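Atoms within each ligand, like the ligands themselves, are counted from 1 in listed order. From a predicted model like this one, the values you see are computed outputs, not experimental measurements.
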Amino acid sequence: MNPTSAASWRNRADNIEFEGRCLIDGKLLDARSGQTFDCVSPVDGRVLTKIAEGDESDINKAVAAARAAFQDRRWAGLSPVFRKRTLQAFGALIRLHRDELALLETLDMGKPITASRSVDVEAVANCFDWYAEAIDKLYEQIAPTAESDLALITREPLGVVGAIVPWNFPMLTTAWKVAPALATGNSVVLKPAEQSTLTAIRLGQLALEAGIPEGVFNVVPGYGRTAGKALACHMDVDGIFFTGSTATGRLLMEYAAKTNLKKVCLELGGKSPNIILASYGDIEKAAVTAAESMFNNQGEVCIAPSRLIVERSIHKQVVEIVAEIARQRQPADPLDPATRIGALVNAQHADRVMGFIARAKTGGAMLVAGGTRALTETGGSYVVPTVFDNVSNHMEIARNEVFGPVLSVIPVSGVDEAVAVANDSPYGLGAGVWTDRLSEAHKISRQLRAGVVYVNCYNDCDITTPFGGYKQSGNGRDKSLYALDEYTELKTTWIRL
Ligand code: NAD
């Protein structure tokens, strides 16, 4: 089968097998209640399969399995080099199943197949490889005490880790949590988003095949308000690692406060500013990158540069370029390898995005491209890339996360106003600045309250650097060696010699 044409992907899609059951203690199980919900593809509105609707009783079973696995040390007690080899085998299996995983992801949440296959699956495999490679090279410490004592500072796994992830990068957000959690010896219960469950269960199956022992990596599908809440409230879960909306993050902190004060690590929403200064030498490159970064993954990206802050002297030129890119990037069949913009995750989300667009129009922003749905005849949920000009930073479209392909251009009079507008947001995930002046780049980067600042680029990243937000964009860091801090406790052992 040649997976390089739309026809061959469609053929594969017609024959692929879906698994929608819970994976608990190494076994595929229906939800204890027997309840299921439909897994609907945003590509064409088709029901792909039924998903087990896990709830509190399934979460209890999965947490008990994870705790038993942690207690008997079947994974935590293995040498780091053994965990390394097993996680490497997992990474290799992910690559071996590249086409299958990519297709499941695209059918489930609508992103273009080329992105799923070449970007997401590759990054997921690489994430497991990277933490596998790291884990047998980390040394621990001895404190500088008097000669009469020996004080060891060692790292231990937290124990049972609960991971709750969203639907925009279902596999990748899972990998960013599960890879460092497993590398450090924890047991995991994963609650995928109800909109995108398929790859989570498949990853769980591949982990077993790679040799990760039963009970160490469990997957319980279900809704946030039931399964997610039960996991976050569970008295025997040691930490909740979450990627999702700021509203849900707030609830998770409340749940922890009311239960066992478990650690809560949050990667939340964003409304990231991207500043183009007139002094930058290649305005076209800056504008093209701004638009492409915004429309990437249909705009369903937490760090999307949705507020484009531009000096007035170049504002007209920038708007023409970003509007032209928006017009060129029409949504198309996600199963066609040439497609760059696919479907939004579901019809309700497309309605939500259209609501933001309608209110921005009546609220005084100027629509210069897009603003409509597309491909309605397919039954899928497609929204055309949209650009608003003359947005003011107090408008709803500049303050709230749309999580769709909608770019707002905010004209400003100079650097100071640009930085002030950039920081005037409850969020602080990403930020961009385009300037040829080295010292200006450093100065502005220091002033921007964001976890990641891009200079003369946007969205460039790999696994080596931490990712997370300031302010209401969260409190933890995914990726890099710093993520290992999140999944471990520091222990002091003081020995009188
Ligand atoms: P969401 O918060 O609605 O859902 C995320 C997950 O939380 C899902 O698995 C959901 O079932 C679960 N959930 C919902 N309510 C819950 C509750 N009461 N208790 C426990 N779990 C609950 O977010 P979403 O709409 O699925 O995802 C989009 C959001 O994710 C956006 O805000 C986006 O910015 C954010 N996001 C952030 C990052 C980051 O790294 N900062 C990355 C990707 C997405």
Side-chain angles (χ1 to χ4, degrees), residues 37 42 51 53-56 59 108-109 111 120 123 162-177 189-197 199-200 219-234 237 240-256 258-259 262 264-272 296-306 344-346 348-350 352-353 356 400-404 425-430 450-452 459 461 465-480 483 486:
F37 58 87
I51 303 289
E53 190 186 325
D55 63 18
E56 190 178 351
I59 290 288
D108 212 2
M109 58 68 69
K111 75 170 70 188
D120 296 44
I164 302 180
V165 296
W167 45 260
N168 61 331
F169 287 93
M171 260 188 297
L172 191 56
T173 49
T174 294
W176 284 2
K177 301 191 186 317
V189 178
L190 168 70
K191 209 297 283 173
E194 50 271 38
Q195 300 86 344
S196 59
T197 304
T199 48
V219 184
V220 181
Y223 292 108
R225 61 180 181 274
T226 49
K229 182 174 178 183
L231 185 60
C233 289
H234 203 291
V237 168
I240 279 287
F241 293 80
F242 174 73
T243 296
S245 64
T246 297
T248 305
R250 218 180 282 284
L251 284 175
L252 298 182
M253 283 198 149
E254 235 180 272
Y255 298 157
K258 288 180 177 159
T259 56
K262 59 179 69 64
V264 180
C265 197
L266 303 173
E267 300 290 350
L268 307 176
K271 193 74 200 173
S272 300
N296 173 39
N297 209 50
Q298 302 71 243
E300 296 167 327
V301 179
C302 51
I303 201 163
S306 52
L344 296 192
V345 69
N346 58 28
Q348 296 90 301
H349 185 55
R352 186 174 167 270
V353 171
F356 275 108
N400 292 350
E401 188 178 39
V402 176
F403 224 53
S425 168
Y427 296 111
L429 191 54
V452 186
N459 260 356
C461 61
T465 52
F467 185 86
Y470 285 25
K471 301 195 267 180
Q472 292 180 39
S473 289
N475 61 6
R477 292 294 179 271
D478 279 328
K479 305 197 321 181
S480 83
E486 312 279 6

Take Ser473 and Lys271 through the side-chain hydrogen bond (donor to acceptor under 3.5 Å, both in side chains) test and state the conclusion after the steps.
-> CA-CA 9 Å; Ser473 289; Lys271 193 74 200 173; over 6 Å; no
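The nearest pair of heavy atoms linking Asn168 to Asn297 is O-ND2, 3.2 Å. Listed here is the closest heavy atom pair of Lys479 and Thr465: CE-O, 3.0 Å. When all heavy atoms of Cys302 and Ser272 are compared, the pair lying nearest together is O-OG, 4.4 Å. For Phe241 against Cys265, the heavy-atom pair with the smallest separation is CD2-CB, 3.4 Å.
The nearest protein heavy atom to atom 4 (O) of ligand 1 is not closer than 4.0 Å.
Neither the backbone nor the side chain of Glu300 comes within 4.0 Å of ligand 1, counting heavy atoms alone. Under 4.0 angstrom from ligand 1, there are no non-hydrogen atoms of Leu231. At a heavy-atom cutoff of 4.0 Å, ligand 1 is contacted by the side chain of Leu429 but not by its backbone. The proximity of Val301 to ligand 1, defined as any non-hydrogen pair under 4.0 Å, does not occur for either the backbone or the side chain. Under 4.0 angstrom from ligand 1, there are no non-hydrogen atoms of Ala227.
Looking at Arg477, its side chain does come within 3.5 Å of a backbone N or O of Gly469 through a donor-acceptor pair. Asn346 contributes no side-chain N or O that, together with a main-chain N or O of Pro42, makes up a donor-acceptor pair within less than 3.5 Å. A donor-acceptor pair is defined here as one N or O able to donate and one able to accept, closer than 3.5 Å; such a pair exists between the side chain of Thr173 and the backbone of Phe169. Within the 3.5 Å criterion, the main-chain N or O of Tyr470 finds no donor-acceptor partner in the side chain of Asn475. Looking only at distances, a side-chain donor or acceptor of Lys191 sits under 3.5 Å from a matching main-chain atom of Gly222.
For ligand 1, the polar-atom distance check finds an N/O of Glu194 within less than 3.5 Å of one of the ligand's N/O atoms. Residue-to-ligand polar distances place Thr248 within reach of ligand 1: an N/O pair is separated by less than 3.5 Å. For the pair Thr243 and ligand 1, the shortest N or O to N or O distance does not fall below 3.5 Å. At under 3.5 Å, a nitrogen or oxygen of Trp167, whether backbone or side chain, sits near a nitrogen or oxygen of ligand 1.
Counting only N and O atoms by type, the side chains of Lys262 and Thr259 include a donor and acceptor under 3.5 Å apart. For the 3.5 Å distance criterion, the side chains of Lys471 and Ser425 fail to qualify, holding no donor opposite an acceptor.
Taking the six-membered ring for Trp and thresholds of 30 and 60 degrees, Phe403 and His349 have ring planes more than 60 degrees apart, a perpendicular arrangement.
Residue-ligand proximity: Leu252 is placed with a non-hydrogen atom under 4.0 Å from ligand 1. Within the structure, the closest approach of Trp176 to ligand 1 does not fall below 4.0 Å when heavy atoms are considered. Not a single heavy atom of Phe169 lies less than 4.0 angstrom from ligand 1. Distances from ligand 1 to the non-hydrogen atoms of Gly222 include no value under 4.0 Å.
Separation of atoms CG (Leu172) and CG (Asp120) is listed at 6.0 Å; rounding is to 0.5 Å. Between atom OH of residue Tyr427 and atom OG1 of residue Thr246 there is a gap of 4.0 Å, rounded to the nearest 0.5 Å.
Heavy-atom proximity to Leu251, at under 4.0 Å, picks out these atoms of ligand 1: 18 (N). Near Pro192, meaning under 4.0 Å from one of its heavy atoms, ligand 1 places the atoms 9 (O). In summary, the atoms of ligand 1 found under 4.0 Å from a heavy atom of Gly269, numbered by their order in the structure, are 32 (O), 34 (O).
Ranking protein heavy atoms by distance to atom 23 (O) of ligand 1, first place goes to Ser245 N, 3.4 Å. Given atom 18 (N) of ligand 1, the protein heavy atom at minimum distance is Tyr255 OH, 3.0 Å. Of all protein heavy atoms, the one lying nearest to atom 31 (C) of ligand 1 is Glu401 OE1, 3.3 Å. Nearest protein neighbour of atom 37 (C) of ligand 1, counting heavy atoms only, is Leu268 O, 3.1 Å. In this structure, atom 7 (O) of ligand 1 lies nearest to the protein heavy atom Phe242 CE1, 3.2 Å. When only non-hydrogen protein atoms are considered, atom 43 (C) of ligand 1 lies nearest to Asn168 ND2, 3.2 Å. In terms of protein heavy atoms, atom 17 (C) of ligand 1 is closest to Gly224 O, 3.4 Å. Of the protein's heavy atoms, Val165 O, 3.4 Å lies nearest to atom 8 (C) of ligand 1.
Salt bridge annotation for Glu254-Lys258: present, with a cationic side-chain nitrogen under 4.0 angstrom from a carboxylate oxygen.
Counting only non-hydrogen atoms, the option in Gly228, Gly162, Pro170, Gly469 that gets closest to atom 20 (C) of ligand 1 is Gly228. Among Pro221, Cys302, Gly249, the residue whose heavy atom lies nearest to atom 42 (C) of ligand 1 is Cys302. Of the candidates Pro166, Ala232, Cys233, it is Pro166 that places a heavy atom closest to atom 27 (O) of ligand 1.
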